[in-house]
Amino acid sequence: MSDVMGRVEEDGPLRVVAEVVARRPSGPYVTLVLAAPELAARCRPGQFLEVAVDVPGTLLRRPLSIARAEVGEAGSLGTVSLVVGPEGEGSAWLGRVRTGQQLDVVGPLGRAFPIPQRPATCLLVGGGYGAAPLHYLTEVLVPLGHRVDLIVGAATEDTLLHSIEAKRLAHSLRTTTDDGSAGLHGRVTDAMPAVLARGDVDVVYACGPNAMLAAVSTVATRAGIPVRVALEERMACGLGVCFTCVIPVRDRDDEVRMRRSCIDGPVMDGARVQWRALGLAGAVEAAERVDLAAAGTDAP
Amino acid sequence: MSDVMGRVEEDGPLRVVAEVVARRPSGPYVTLVLAAPELAARCRPGQFLEVAVDVPGTLLRRPLSIARAEVGEAGSLGTVSLVVGPEGEGSAWLGRVRTGQQLDVVGPLGRAFPIPQRPATCLLVGGGYGAAPLHYLTEVLVPLGHRVDLIVGAATEDTLLHSIEAKRLAHSLRTTTDDGSAGLHGRVTDAMPAVLARGDVDVVYACGPNAMLAAVSTVATRAGIPVRVALEERMACGLGVCFTCVIPVRDRDDEVRMRRSCIDGPVMDGARVQWRALGLAGAVEAAERVDLAAAGTDAP
Amino acid sequence: MTGTNVDLTTRLAGLRLDNPIVTASGCFASGREMQRFVDVGRIGAVVVKSLTAAPREGLPTPRMVETPSGMLNAIGLQNPGVDAWLANDLPWLVERGATVVVSVAGDSVDDFAHVARRLRGVEGVAAIEVNLSCPNVEHRGLVFALDPQASAELVRAVARASDVPVIAKLTADASDVVAIARAVVDAGADGLTLINTVLGMAIDPVSGVAELANTYGGLSGPAIRPIAVRVVHQVHQALPDVPIIGCGGVRTVEDVVQFLRAGARAVAVGTGGFVDPFATETLREGLAAWMAEHGHTAVSDLVGTATVRDAG
Amino acid sequence: MTGTNVDLTTRLAGLRLDNPIVTASGCFASGREMQRFVDVGRIGAVVVKSLTAAPREGLPTPRMVETPSGMLNAIGLQNPGVDAWLANDLPWLVERGATVVVSVAGDSVDDFAHVARRLRGVEGVAAIEVNLSCPNVEHRGLVFALDPQASAELVRAVARASDVPVIAKLTADASDVVAIARAVVDAGADGLTLINTVLGMAIDPVSGVAELANTYGGLSGPAIRPIAVRVVHQVHQALPDVPIIGCGGVRTVEDVVQFLRAGARAVAVGTGGFVDPFATETLREGLAAWMAEHGHTAVSDLVGTATVRDAG
Ligand SMILES: Cc1cc2nc3c(=O)[nH]c(=O)nc-3n(C[C@H](O)[C@H](O)[C@H](O)COP(=O)(O)OP(=O)(O)OC[C@H]3O[C@@H](n4cnc5c(N)ncnc54)[C@H](O)[C@@H]3O)c2cc1C
Ligand SMILES: Cc1cc2nc3c(=O)[nH]c(=O)nc-3n(C[C@H](O)[C@H](O)[C@H](O)COP(=O)(O)OP(=O)(O)OC[C@H]3O[C@@H](n4cnc5c(N)ncnc54)[C@H](O)[C@@H]3O)c2cc1C
Ligand SMILES: Cc1cc2nc3c(=O)[nH]c(=O)nc-3n(C[C@H](O)[C@H](O)[C@H](O)COP(=O)(O)O)c2cc1C
Ligand SMILES: Cc1cc2nc3c(=O)[nH]c(=O)nc-3n(C[C@H](O)[C@H](O)[C@H](O)COP(=O)(O)O)c2cc1C
Ligand code: FES
Ligand code: FES
């Protein structure tokens with residue numbers, strides 16, 4: 001059950017103390033399912049929650065992408081899922097959370113992936129736990145009549161995130177691993193040319209480590225396709241008030257400004273993000289060397 | 001099970017991570033039983049443990065009296081019990097600890113109640129959760145051939161701490177409540193004259209709030225009987241190194257010195273503690289007015 | 001609701017605030033971001049992010065690192081500049097009935113005075129807070145608030161340029177905060193905000209790289225609360241008539257009461273609002289309930305009531 | 001055990017310590033209390049509780065209050081006096097092979113010098129640490145370490161009276177710790193301990209009474225670690241050749257590494273040892289293991305290796 005602690009707007013973020021009703025470990029990740037109907041009704045793919053962690057000496061909440069939101073129908077409760085990867089003490093604590101425990105969360109926060117107005121072909125590229133929001137996005141896009149091609153990458157087979165539902169819905173699914181232990185041996189960007197070569201992709205969506213987003217954005221932009229990426233930057237508030245989470249973005253007036261990834265993002269236009277200024281020149285340059293014509297290697 | 005993290009001396013204190021194997025609420029108190037054989041073997045009544053509490057922002061351990069230690073015999077594991085009363089966030093957290101959880105404890109610490117060398121008649125006076133160490137003391141004294149008269153006081157019936165074992169072993173048991181809801185209507189000191197009037201009491205032991213200890217010490221001293229009390233003062237370390245827990249004590253050379261209650265105590269000579277300097281003049285004066293000849297009111 | 005019979009109003013440097021809970025500068029942006037959570041019109045006062053003469057993009061990232069019960073930040077005063085703020089943000093706040101305190105910042109006395117002049121005669125600006133924790137580029141790059149003379153000079157210039165009450169915000173990093181407080185009050189400050197962040201640093205142990213792009217940053221959050229309460233108490237003892245906004249590590253109602261008793265007439269919430277976006281409301285309502293429960297009828301009865309133990 | 005190939009030795013103001021983990025003054029009493037937990041002979045150095053010329057009973061209680069990730073204390077230098085300590089405590093430490101650093105304190109320059117003279121020629125005293133965080137009763141009651149001149153005068157007097165290395169312990173409460181550091185080094189300090197506690201206060205919200213009998217007290221523990229790391233880094237940048245003992249909020253091996261990288265050659269554990277009585281051992285062994293894991297062979301290779309991010 002969930003206990004809503006405060007809200008002002010009908011459709012704005014909430015603070016909710018929600019019960020963990022399911023917990024599913026898979027590889028290094030743990031999926032937590034929260035019973036939170038009011039929250040579930042407001043969530044969209046690309047948004048995140050700020051989750052309080054009960055670690056001594058810890059002050060700040062942890063931002064976590066919404067990995068799924070199921071609006072309860074006919075008696076079933078609405079739920080929101082999170083996928084937690086191993087990082088520091090906060091994620092370790094979250095990984096140990098048990099069914100029946102309560103989590104104090106604020107959200108949904110941030111801008112979601114924009115949904116195309118007209119039927120479109122969408123290429124979704126996810127890395128690590130970043131695949132989860134794209135599985136969620138698939139579940140939103142396909143029923144609306146969009147075509148989804150999904151690429152999911154990870155370092156090794158163990159760290160590949162799977163979703164039966166997304167696999168069923170997506171028109172194609174490609175997996176890549178850095179070590180070749182499953183799917184294509186390589187990076188997600190190595191799997192992109194085959195899809196792009198079809199010439200029908202209208203938009204690219206990506207979520208994963210920032211270096212991956214830099215690479216995906218570079219490849220998409222080279223192919224002339226709009227790209228929307230969900231970024232990760234350290235966040236103190238997640239609310240738009242502290243200015244810790246800024247990302248240099250080139251605005252329409254051609255000026256580079258520091259944009260708050262929590263409120264102007266986390267989903268941003270990958271073509272406008274200044275990846276080099278973020279220290280990701282290496283990823284950009286590698287992506288500039290990806291052979292866009294290498295469609296032949298495709299085996300979905 | 002318990003996991004011993006370090007020790008130097010054969011008989012000194014340990015740091016142990018011990019499993020809570022039983023949890024018994026009673027009134028406002030919760031008794032926690034820890035599986036800790038190495039620890040149990042070293043404990044004596046009057047000593048305490050320093051217990052880590054897992055509350056965000058909390059740094060220091062909490063000192064808690066040892067309420068019982070059972071040395072495991074023939075296959076049964078040794079256990080140590082604690083009784084936690086309601087105070088602030090740390091005790092609230094301890095009160096919520098579940099069976100199966102682990103507690104990180106350091107101990108046993110401090111000086112125990114001295115055990116008489118020859119058969120003696122002992123008056124034990126406990127208030128609130130302070131009754132627990134005296135129940136434990138009863139279990140130690142009686143098998144050694146000492147006579148134990150027990151007085152247990154509390155504010156109300158709910159907050160009286162009971163022990164079937166101590167009740168069985170003690171030669172007499174009197175209870176008092178401030179509001180008269182159970183036992184004698186009054187303070188523990190009101191129940192003392194009847195026992196003292198017998199003229200056979202060799203030593204008084206007391207544990208409870210400091211104001212009660214001041215009163216018990218005053219009454220015992222007026223009756224010319226030695227008195228040993230287990231004191232409570234804020235402790236940062238519990239180890240004797242920080243000097244936060246000091247109590248003014250008149251030494252044998254008649255000088256008043258600040259003694260560390262964690263290492264020179266918590267059990268001290270109640271006749272030497274400077275209760276007035278501790279701000280307990282009121283308790284002392286009230287105890288000076290207690291009618292030592294009021295034996296008639298006794299009904300054990 | 002409990003606490004409805006309680007008088008939460010407080011008077012501060014000529015202002016009358018509905019309640020003593022205000023926002024800390026830089027922790028509530030321009031206010032608009034928080035409308036999803038709280039009604040800005042019901043906050044004691046909205047102290048906005050420090051404004052400079054020209055827009056600033058601030059420092060590179062990482063700008064933040066978490067520390068035990070606190071965090072370090074080095075934002076570098078990212079702000080749209082006073083002109084853009086006047087055009088885009090102030091009208092929104094005024095429309096919603098917010099009591100607006102404008103924090104001003106800069107690198108030189110002239111910078112500060114320029115911002116203060118731009119705010120002159122502007123409807124809806126209730127007071128100016130002078131962020132003295134900026135490095136004075138003309139004076140060895142030393143932070144203004146570490147030096148009584150530099151602080152006084154700055155406050156004097158802002159007070160001259162301004163037609164609203166001027167509140168000076170000091171740092172506990174100074175050896176003798178009372179001396180700085182005296183100097184700025186003599187120079188024309190109508191009130192004080194105590195304290196800004198405390199200078200700190202964190203290093204990534206594995207790489208050895210400073211966690212913040214700026215190397216040093218400001219420590220905030222509950223970790224610094226005892227320092228802030230001490231400074232408020234010291235300054236209030238020395239200058240009992242000077243109104244103080246207490247600030248530093250406020251999370252709970254008990255924290256608010258500590259600051260009031262130490263001598264603050266209003267209490268600012270900074271980092272605490274990151275953890276609880278409803279903090280200004282939770283604390284306002286919680287304070288009323290706490291006061292009712294403990295038999296206090298007016299906030300003003302709590303201010304400066306801290307007593308010292310008998311050193312017997 | 002991992003980390004056995006690691007060289008933990010460190011050189012500090014003419015001393016050679018077996019390992020860089022030392023105790024913080026006042027947090028290890030005279031050492032004897034801790035023999036139940038640790039072998040004092042294996043600690044880098046035992047810095048004993050500050051000693052004064054005459055015995056002191058210290059301040060009334062309460063002397064301590066817990067704060068977020070920290071605590072405030074006001075003990076008032078309770079100690080047996082230098083003579084009783086020389087008679088009863090030093091021989092015990094020497095017998096167990098401890099490297100003993102004696103912290104000295106007092107109310108006036110003469111007080112300090114008196115203690116230092118008593119330690120002259122005494123076998124087993126490896127160094128003197130001057131606790132400059134005492135109020136100078138002859139000089140407006142101001143804490144020595146807040147004033148460069150008073151600090152220098154005090155250190156000069158102790159250095160003259162002493163025949164062992166003199167380490168000055170400073171506080172972060174000073175506006176410009178680097179200036180104080182320079183002043184005491186010029187006056188003859190062979191090393192620095194950075195930092196002492198930070199002045200703070202807590203008030204019981206319900207009663208309004210100051211939690212400490214002394215009203216104000218010193219903040220210690222993880223809460224102040226970012227302040228301490230900053231001071232060590234600032235002073236090491238300004239005076240790279242002056243050996244530093246880093247101190248403030250050390251709990252974990254990563255904390256120790258932060259201090260070493262910031263520029264400390266040894267690291268003192270204070271409050272952290274209250275929570276883990278085995279801390280000096282846990283950290284010594286943990287540091288060796290951490291260094292082995294991260295490919296470091298000698299503590300001296302870590303000292304001062306902190307780098308600053310490219311402000312790109
Ligand atoms: C918009 C967004 C969405 C995210 N979604 C997910 C997700 O779905 N699953 C998941 O496992 N992780 C996600 N992360 C990363 C996650 O927030 C961090 O792994 C987590 O904060 C680490 O906390 P910790 O206590 O385990 O690590 P520590 O390193 O102990 O954290 C210390 C501090 O650094 C911050 N921090 C550390 N790593 C990161 C990081 N990568 N990004 C942002 N802040 C960080 C923490 O929040 C904390 O304040 C997301 C981050 C952002 C910004
Ligand atoms: C030798 C000794 C034996 C004790 N035995 C017991 C026992 O068997 N059962 C029990 O319930 N309590 C016992 N106490 C008291 C217990 O330690 C406190 O109730 C507990 O520390 C309160 O912590 P908190 O977080 O709940 O309260 P908070 O008020 O949040 O604690 C804040 C700080 O104050 C200290 N503190 C608060 N109250 C006390 C107190 N009464 N004595 C010492 N420090 C205090 C805490 O340790 C902590 O550092 C004993 C205390 C001592 C010194
Ligand atoms: C992210 C952040 C940004 C801040 N920006 C400013 C600022 O622009 N101007 C200012 O005077 N203080 C600024 N501060 C300081 C706060 O206003 C406040 O004084 C300090 O954080 C202590 O309060 P707290 O512990 O409640 O956060 C900032 C603090 C933080 C955490
Ligand atoms: C209870 C206590 C007593 C202290 N006594 C002294 C002292 O006598 N002399 C001294 O120089 N520092 C003293 N200190 C300060 C510590 O040595 C240390 O500088 C400070 O606590 C910061 O380190 P920490 O955070 O590891 O505790 C004391 C600290 C505490 C907590
Ligand atoms: S995290 Fe605070 S503004 Fe984005
Ligand atoms: S609690 Fe530290 S000496 Fe007693």
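All of these numbers come straight from a predicted model, not from anything done at the bench. Every chain is numbered from 1 and lettered A, B, ... according to where its sequence line falls, protein lines coming before strand lines. What you see below is based on every heavy atom in this structure, not just the backbone, and it leaves out hydrogens, waters and symmetry mates.
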If one checks every heavy atom of B/A236 against chain D at 4.5 Å, the contacting part turns out to be both
Minimal heavy-atom distance between B/V106 and D/F37, with the atoms involved, is CG1-CE2, 4.1 Å
| message | Please determine whether the number of non-hydrogen atoms from other residues, nucleotides or ligands lying under 6.0 Å from atom CZ of D/R32 exceeds 12. | response | yes
I'd like to know whether CZ of B/R259 has more than 12 heavy-atom contacts from other residues, nucleotides or ligands below 6.0 angstrom.
yes
Looking at B/F243, is its backbone amide N or carbonyl O close enough to the side chain of D/Q78 to form a donor-acceptor pair, meaning the two atoms are under 3.5 Å apart? no
Between the OG1 atom in B/T244 and the CG atom in D/L59, the distance rounded to the nearest 0.5 Å is 12.5 Å
Open item on the list: Using a 3.5 Å distance criterion without hydrogens, assess whether the side chain of D/E57 forms a donor-acceptor pair with backbone atoms of B/M258.
Closed with: yes
Cut-off 4.5 Å, heavy atoms of chain D, and the answer for B/V246 is both
Separation between CD1 (B/I263) and CD (D/E33), nearest 0.5 Å, reads 5.0 Å
Note: vs chain D, highest number of non-hydrogen pairs under 4.5 angstrom among B/A52, B/G57, B/C245, B/P56 is B/G57
Closest heavy-atom pair, B/L59 versus D/G70, reported as atoms and distance to 0.1 Å, is CD2-CA, 3.7 Å
Honestly, the part of B/R257 sitting under 4.5 Å from a heavy atom of chain D is both
Minimal heavy-atom distance between D/A29 and B/G240, with the atoms involved, is CB-O, 3.8 Å
**pair D/M64-B/L60: side-chain heavy atoms closer than 4.5 Å** = yes
Smallest heavy-atom separation, B/C242 atom then D/F274 atom, equals CB-CZ, 3.5 Å
| message | Counting neighbours of CZ on B/R62 that are heavy atoms of other residues, nucleotides or ligands and sit closer than 6.0 Å, is the number greater than 12? | response | yes
### Query
Would a distance-only check, ignoring hydrogens and angles, find a side-chain to backbone donor-acceptor pair under 3.5 Å from D/E66 to B/T58?
no
Honestly, the part of D/R251 sitting under 4.5 Å from a heavy atom of chain B is side chain
Exercise. Given B/L14 and D/R36, is the side chain to side chain contact (heavy atoms under 4.5 Å, CB included) satisfied, shown in steps?
Worked result: CA-CA 9 Å; B/L14 308 172; D/R36 299 169 295 162; over 6 Å; no
*asked:* Between B/R234 (side chain only) and D/T61 (backbone N and O only), is there a donor and an acceptor less than 3.5 Å apart?
replied: no
For residues 78-91 of chain B against chain D, heavy atoms under 4.5 Å, the residues are none
The interface call for B/E50 against chain D, heavy-atom contacts under 4.5 Å, is neither
Cut-off 4.5 Å, heavy atoms of chain B, and the answer for D/T282 is neither
